[in-house]
S.K.: 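Mind having a look at this structure? Questions to follow.
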Amino acid sequence: MSEVRLRFAPSPTGYLHVGGARTALFNWLLARKLKGRFILRIEDTDVARSTQESVDAILQGMEWLGLDWDEGPFFQSDNFPLYREHVEKLLSEGKAYRCYCTPEELEAKREKALAEGRKPKYDGTCRNLTEEIPGKPFAVRFKAPKDGVTAFDDLIKGPISFNNEELDDLIIQRSDGTPTYNFTVVIDDASMQVTTVIRGDDHVNNTPRQILLYEALGYPVPKFAHVPMILGADKTRLSKRHGATSVMAYRDMGFLPEAMVNYLVRLGWSHGDQEIFSLEELIEKFSIENVGKSAGVFNPDKLLWLNHHYINESAPDQLAELLIPFLKEREVDPEGGPSLPAVVKTLQERSHTLLEMADGAVFYFRSDFDYDPEAVAKFLKPDVAPRYEALLAKLDSLNEFTHDAIEAAFKELCADQGIKMGQIGPPVRVALCGGTTSPSIYEVIEVLGKEETRKRITRALDSVRGG
RNA sequence: GGUCCCAUCGUCUAGCGGUUAGGACACCGGCCUUUCACGUCGGUAACAGGGGUUCAAGUCCCCUUGGGAUCACCA
C-alpha cells in the first residue's frame, strides 16, 4: 500500500481554464512519475450550477492536453447515499448536530456581527440542543473543537497552522438533504484513498476544516500541496479581460498542446535553467518540491515563443493535418493546390501559431488575389517587364525544378542582366503572392511548381504592361 | 476587519550562508538577408524597506510595507 493516488476534481460550472489545467497537469505528472494512479472526479454537488456541457468541455480539454486518467470520471452526484451514511454516523456519534437556524436568521446574524466588528462566525445556537424538533427543516453542522491547533505540512508552502477557535461549525448537509463541498471532498478523497491532494491555494483555508473531518471520521489525512494561482498582466486574478482563459481557446488560436503543457508547467515550476521539456522529461524531472510558492503572471509572449519552437520541431505531415481546419476557415480547399506538407515546410520557422501559418499559406491556393497597392507602387514598375520575361525564359530552360536549381537560375539571371537580387526578388514576390511578405521565393516557386509560377508571373507581367 | 499565504530583472525563474546574483521571454543594438520571420552576437534590467543572528545574508529570525486568498445551506 505504497502506491500514490492523485486526483483532479473540477466542478463542472464552466470550461477547463488554464489554472485548472495546470493543477490537473501537476497531478498527472506526479502520478506518472511515481507510477501511481490519477483519478478524475467531477464535483457536481451543486446541481443548480453544474452542466453536462461543462463536463464535456473539461474532458475535451484534458484529452487535448494529453492528460489521461486511470480511474473515473466519477461524479459526486452518484455518491449521495455514501455522504448521507457518513452524516448519520457523525450525528449518532455526537460529532455533528442538527441546526434549525434558517438561512435568513444566519444572514441577519452575520450582518450584525460584521456591523459590530465581530467575526461572522456561527454562534452555536443549536450546538447544544438536546432534542430534535419534529417537522422543522434542519441543516447538519459539524461540531468542531473550540480550542487547540490544526496544522499540516504543505508540500509546497511548508508548515501551516490554524487555531481551532477560528474555525466554526460548518454545515455538512443542507436543509434539502444535499451534502456540501467540504464534506464531500473529504468523503471522496478518503474513500478513493487519495494519498496526495494537489489543488489551488484558494483551498488552504478549507484544509483545517477538512482535516478535522478526516479525524472525526477516523480516516487517514492525505498530504496536501497547494499550488499558487495564475495572474493576469496587471497581477489580478486571470480573467477574460486578460485574453483567453479556456485551454480549448488556445487550440482554436493555433497553439499546440505540447506548447501549452510546456508553458503551464514552467509557470510555477522549474528545473534549473531548462526551458524546453518533452513530456517524457517532465515525467522524469517533475517534483512537487520545486513548485514555487508565489503566484505567477501568465505571459502570452512566452507561450508564443514556445509554440513557435514546437511548430518548428513538428513533422510537416502532422502540422498539415492540424492546419486543415484553419485553412477551411479561410475558405481554402487544401486538396486543390500544392502539397500541403510542402507548403507547411516553408512556413514553419516563420509561424508562431497555426493561425498565423494558415494566413501565410492562403496565397499558395489562390491565384486570383489582388496585389497589395503599396507593393505595386514600389515594385511593379515598367522596368521589371523585361526581367519577368527573362525569368520566364530562364525557368523554362530548367531541367529540374528544385530549390537549388531555381536559386541558381536567379543568380544567373542577375549576372546576365547586371542587376542585383533586390531588383528582381521583390517584384517576383509580389507576382507570386501579392504582397511583400512570404517565404523565400525559391521555396515558393518550387512548391508552386513551374506551371503555376509561369501563370502568376505572366499575370504580373500583363499588369505591369498596363493590361 | 479576522485568519492564512506570498515577496530576486517588466514577466517566468536559478540561487538552498561566501556568486562579477545565472538562464529564458520581452525590449534595444550588430550580423545574416530577395521580404517577413528564424538564427546568431552583444546590451539595458532584480534581491521591497528596516532591524537582528553570523567572520560572512538574496539565502536564517523578527518587524514594517506591499500584494493575494478566504471568511456561504458555492465549489
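Here is the naming used below: chain letters follow the sequence lines, and residue numbers restart at 1 for every chain. Everything numeric here is computed off the predicted structure, so don't read it as measured data.
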S.K.: On a whole-Å scale, what distance lies between the C1' atoms belonging to C5(B) and G42(B)?
M.R.: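 Here C5(B) and G42(B) have their C1' atoms 41 Å from each other.
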
S.K.: So, Arg41(A) and Asp189(A), do they make that salt bridge, N to O below 4.0 Å?
M.R.: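 Salt bridge flag = yes for Asp189(A) with Arg41(A).
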
S.K.: Using a strict cut-off of less than 4.0 Å between a Lys/Arg side-chain nitrogen and an Asp/Glu carboxylate oxygen, indicate whether Asp169(A) and Lys121(A) qualify as a salt bridge.
M.R.: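 No, Asp169(A) and Lys121(A) are not salt-bridged.
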
S.K.: Across all strands shown, which nucleotide pairs with A48(B) by Watson-Crick or G-U wobble geometry, both distances under 3.5 Å?
M.R.: U64(B)

S.K.: Write out a two-atom table: protein N or O, nucleotide N or O from nucleotides 37-40 of chain B, distance below 3.5 Å.
M.R.:
unit_1: A37(B); atom_1: O2'; unit_2: Glu349(A); atom_2: O; d: 3.4
unit_1: C38(B); atom_1: O4'; unit_2: Glu349(A); atom_2: O; d: 3.4

S.K.: Please list each protein N or O that sits under 3.5 Å from an N or O in nucleotides 2-4 of chain B, with the distance.
M.R.:
none

S.K.: OP1 or OP2 of A14(B) versus the side-chain N and O atoms of Ser270(A): is any pair under 4.0 Å?
M.R.: yes

S.K.: Output every pair passing salt bridge (charged side-chain N to carboxylate O under 4.0 Å, His left out) with a member in residues 406-427 of chain A, not counting sequence neighbours, ordered by first then second residue.
M.R.: Lys394(A)-Glu412(A), Lys394(A)-Asp416(A), Glu407(A)-Lys411(A)

S.K.: Report yes or no: is the cationic atom of Arg459(A) (NZ for Lys, CZ for Arg) under 6.0 Å from the centre of the six-membered ring of Phe369(A), at an angle within 45° of the ring normal?
M.R.: yes

S.K.: Within the pair Lys293(A) and C6(B), is there a side-chain N or O less than 4.0 Å away from OP1 or OP2?
M.R.: yes

S.K.: So, does the side chain of Ser440(A) form a donor-acceptor pair with the base of U34(B) at under 3.5 Å?
M.R.: yes

S.K.: Within the 4.0 Å heavy-atom criterion, would you say Thr437(A) contacts the bases, only the backbone, or no part of the nucleic acid?
M.R.: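 Answer is base: heavy atoms of Thr437(A) come under 4.0 Å of a base.
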
S.K.: Contact class for Cys101(A) vs. all strands (heavy atom < 4.0 Å): base, sugar-phosphate, or nothing?
M.R.: base

S.K.: So that I can tick it off, tell me whether Glu88(A) and Arg84(A) are bridged by a salt bridge, with the cut-off set at under 4.0 angstrom between side-chain N and carboxylate O.
M.R.: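 Salt bridge between Arg84(A) and Glu88(A), a charged N being under 4.0 Å from a carboxylate O: no.
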
S.K.: Looking only at the side chain of Asp273(A) (C-beta and beyond, no hydrogens), which of the listed nucleotides G23(B), C73(B), C6(B) gets closest?
M.R.: G23(B)

S.K.: Whole angstrom is fine here: how far is it from CG in Asp176(A) over to C1' in A72(B)?
M.R.: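 It works out to 14 Å between those atoms.
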
S.K.: Relative to Phe379(A), does Arg429(A) satisfy both conditions: NZ or CZ under 6.0 angstrom from the six-membered ring centre, and within 45 degrees of the ring's axis?
M.R.: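 Checked: cation-pi criterion not met.
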
S.K.: Between Arg241(A) and Asp234(A), does any NZ, NE, NH1 or NH2 come within less than 4.0 Å of an OD or OE carboxylate oxygen?
M.R.: yes

S.K.: Which of the following nucleotides, C73(B), U35(B), A69(B), is nearest to the side chain of Pro103(A)?
M.R.: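 Output: C73(B).
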
S.K.: To the nearest Å, how far apart are His203(A) NE2 and C71(B) P?
M.R.: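 Distance check: His203(A) NE2 to C71(B) P gives 10 Å.
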
S.K.: Pick the C1' atom in G43(B) and in G50(B), then give their distance to the nearest Å.
M.R.: 34 Å

S.K.: With P as the reference atom in both, quote the distance from C25(B) to U70(B) in angstrom, rounded to an integer.
M.R.: 34 Å

S.K.: Rounding to an integer number of Å, can you tell me how far Leu391(A) CG sits from U34(B) C1'?
M.R.: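 After rounding, the gap between these two atoms is 13 Å.
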
S.K.: Scan every strand shown for a Watson-Crick or G-U wobble partner of C9(B), both distances under 3.5 Å, and answer none if you come up empty.
M.R.: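 C9(B) is unpaired by these criteria.
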
S.K.: Checking contacts here: which listed nucleotide (A75(B), C12(B), A72(B)) is nearest the side-chain heavy atoms of Thr180(A)?
M.R.: A75(B)

S.K.: Return the value, rounded to whole Å, for the distance between atom CZ of Arg141(A) and atom P of A72(B).
M.R.: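 Interatomic distance, CZ of Arg141(A) to P of A72(B): 10 Å.
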
S.K.: Hey, does Leu267(A) reach any base, or is it just sugar-phosphate, or nothing, if we go heavy atoms under 4.0 Å?
M.R.: sugar-phosphate

S.K.: Looking only at atom P, what distance separates A7(B) and C60(B), rounded to whole Å?
M.R.: 10 Å

S.K.: Which one of Ile211(A), Leu217(A), Leu213(A) satisfies the side chain to side chain contact (heavy atoms under 4.5 Å, CB included) criterion with Glu215(A)?
M.R.: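 Testing each of Ile211(A), Leu217(A), Leu213(A) against Glu215(A), the sole residue satisfying side chain to side chain contact (heavy atoms under 4.5 Å, CB included) is Ile211(A).
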
S.K.: Roughly, in whole Å, what's the span from CG in Asp301(A) to C1' in A26(B)?
M.R.: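 My rounded result for the distance is 6 Å.
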
S.K.: Is it true that Lys109(A) and Thr125(A) share a donor-acceptor pair across their side chains at a distance under 3.5 Å?
M.R.: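 A pair is found: one side chain offers a donor N or O, the other an acceptor, under 3.5 Å apart.
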
S.K.: Tell me, do Gln76(A) and Tyr83(A) make a side-chain contact under 4.5 Å, heavy atoms counted?
M.R.: yes

S.K.: State the pairing partner of C36(B); accept Watson-Crick or G-U wobble contacts with both distances under 3.5 Å, and report none otherwise.
M.R.: none

S.K.: What is the distance, to the nearest angstrom, from the CD1 atom on Ile276(A) to the P atom on C25(B)?
M.R.: 9 Å

S.K.: Under 4.0 Å between any heavy atoms, over every strand shown, what does Pro439(A) touch: base, sugar-phosphate, or nothing? Just pick one.
M.R.: base

S.K.: Mind jotting down which residue pairs meet the salt bridge (charged side-chain N to carboxylate O under 4.0 Å, His left out) criterion with at least one end in residues 11-26 of chain A? Sequence neighbours excluded, please.
M.R.: none

S.K.: Roughly how many Å apart are G1(B) and U13(B), using the P atom of each and rounding to a whole number?
M.R.: 28 Å

S.K.: Less than 3.5 Å apart, any donor N or O on the side chain of Tyr181(A) or Asn206(A) sitting next to an acceptor on the other?
M.R.: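 No, no side-chain donor-acceptor contact under 3.5 Å.
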
S.K.: Within less than 4.0 Å of OP1 or OP2 of C73(B), is there a side-chain N or O belonging to Arg110(A)?
M.R.: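 Affirmative; the distance criterion is met.
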
S.K.: Name the pairing partner of U70(B), where a pair is Watson-Crick or G-U wobble with both distances under 3.5 Å, or state none.
M.R.: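 Across all strands, the one nucleotide that pairs with U70(B) is G2(B).
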
S.K.: The side chain of Met229(A) lies closest to which of these nucleotides: G1(B), A69(B), A24(B)?
M.R.: A69(B)

S.K.: Students often get this wrong, so: under 4.0 angstrom with heavy atoms, is Glu275(A) touching a base, only sugar-phosphate, or nothing?
M.R.: base

S.K.: Describe the nucleic acid contact of Ser175(A) in one word from base, sugar-phosphate, nothing, applying a heavy-atom distance below 4.0 Å.
M.R.: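 Counting heavy atoms under 4.0 Å across all strands, the contact made by Ser175(A) includes a base.
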
S.K.: U34(B) and C16(B): how far apart are their P atoms, nearest whole angstrom?
M.R.: 48 Å

S.K.: For G51(B) versus A45(B), give the span between their P atoms, rounded off to a whole number of Å.
M.R.: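 Approximately 26 Å lies between the P atom of G51(B) and that of A45(B).
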
S.K.: Can you work out whether Phe298(A) or Gly158(A) has the more 5'-proximal nearest nucleotide on RNA chain B?
M.R.: Gly158(A)

S.K.: Which one is paired to G42(B), where only Watson-Crick or G-U wobble pairs with both distances under 3.5 angstrom count?
M.R.: C28(B)

S.K.: Please tell me which of the listed nucleotides, C6(B), U35(B), A69(B), lies nearest to the side chain of Lys157(A)?
M.R.: C6(B)

S.K.: Separation of Glu105(A) atom CD from A72(B) atom C1', in whole Å?
M.R.: 16 Å

S.K.: Going by side chain to side chain contact (heavy atoms under 4.5 Å, CB included), name the residues that satisfy it together with Asp372(A), two or more places apart in sequence or in a different chain.
M.R.: Glu374(A), Ala375(A)

S.K.: Taking only side-chain nitrogens and oxygens of Lys235(A), does any of them come within less than 4.0 Å of OP1 or OP2 of U11(B)?
M.R.: yes

S.K.: Tell me the partner of U53(B), counting only Watson-Crick (N1-N3 plus N6-O4 or O6-N4) or G-U wobble (N1-O2 and O6-N3) with both under 3.5 Å; none if nothing fits.
M.R.: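 For U53(B), the partner nucleotide comes out as none, under the 3.5 Å rule.
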
S.K.: Which part of the nucleic acid, if any, lies within reach of Gly268(A) when heavy atoms closer than 4.0 Å are counted: base, sugar-phosphate only, or nothing?
M.R.: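 Answer is sugar-phosphate: Gly268(A) comes under 4.0 Å of backbone atoms only.
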
S.K.: Consider the side chain of Thr45(A), meaning its heavy atoms from C-beta on, and name the nucleotide among A14(B), C25(B), A75(B) that approaches it most closely.
M.R.: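 Closest nucleotide to the Thr45(A) side chain: A75(B).
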
S.K.: Taking only residues at least two apart or on different chains, which pairs with a member in residues 341-367 of chain A satisfy salt bridge (charged side-chain N to carboxylate O under 4.0 Å, His left out)?
M.R.: Arg330(A)-Asp359(A)

S.K.: In whole angstrom, give the distance that lies between atom NZ of Lys121(A) and atom C1' of G1(B).
M.R.: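 The distance from NZ of Lys121(A) to C1' of G1(B) comes to 16 Å, rounded to the nearest Å.
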
S.K.: Using the P atoms only, state how far U59(B) lies from A14(B), rounded to an integer number of Å.
M.R.: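 Pairwise P distance, A14(B) against U59(B), rounds to 15 Å.
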
